[in-house]
Amino acid sequence: MVQNHRFTVSTRGHNDIIDVSEKVQCAVVKSGMTIGTALVFVAGSTAGITTVEYEPGLLKDLPELFERLAPSNKPYHHDATWGDGNGYAHVRASLLGSSFTVPFEDGRLLTGTWQQIVLIDFDNRPRTRTVIVQITGEK
Ligand code: ZN
């Protein structure tokens, strides 16, 4: 069977990295399913989902990587069109991707001990994000 669960996350924007592992785990528990997959998806074109070890060094390394890949101080065609100054945020989000799929067993996510599921908000202002967890599995 398939169920959709939702939660919201308040971010500060500017590469804010939020650990959503517990919220995803809660959705799996609420679903009552014991084995299957959880697809974690963020709605919006300036945020993404991935996994990382949630520790202070990597919380600096990841934003620095994205700054090198899509610098915030370069001109973007998007900004010329819309004037919202967040072209870099859009291309970073495209690069990262908007979803992540994780298997679960006995109602527990099979992520590693040092592998957290994170939402990264690249936008240039605080945002409230809706995350959809689509759970496919069996009771
Ligand atoms: Zn924009």
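Predicted model only: the values in this text are computed from it and were never measured. Read the numbers this way: they start at 1 and go in the same order the structure lists the ligands and their atoms.
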Legend entry - Check: Tyr88 ring centroid to Phe122 ring centroid under 6.0 Å: no
Legend entry - 2.8 Å cut-off met by an N, O or S atom of Asp123 to the Zn ion (ligand 1): no
Inset, instruction - Assess Asn86: does it contribute an N, O or S atom lying under 2.8 Å from the Zn ion (ligand 1)? - result: yes
Legend entry - Test item: side-chain donor near acceptor, Gln134 and Asn4, under 3.5 Å: yes
Inset, instruction - May I have all residue pairs that pass ring-ring contact (aromatic ring centres under 6.0 Å, His included) and include part of residues 3-58, sequence neighbours excluded? - result: none
Inset, instruction - Could you check which N/O/S atom of Asp84 is closest to the Zn ion (ligand 1)? - result: OD2
Inset, instruction - Go through the structure and list residues passing side-chain contact (heavy atoms from CB on, under 4.5 Å) with Thr113, not counting sequence neighbours. - result: none
Inset, instruction - Please note down the angle at the Zn ion (ligand 1) between NE2 of His90 and NE2 of His78, to the nearest 10°. - result: 90°
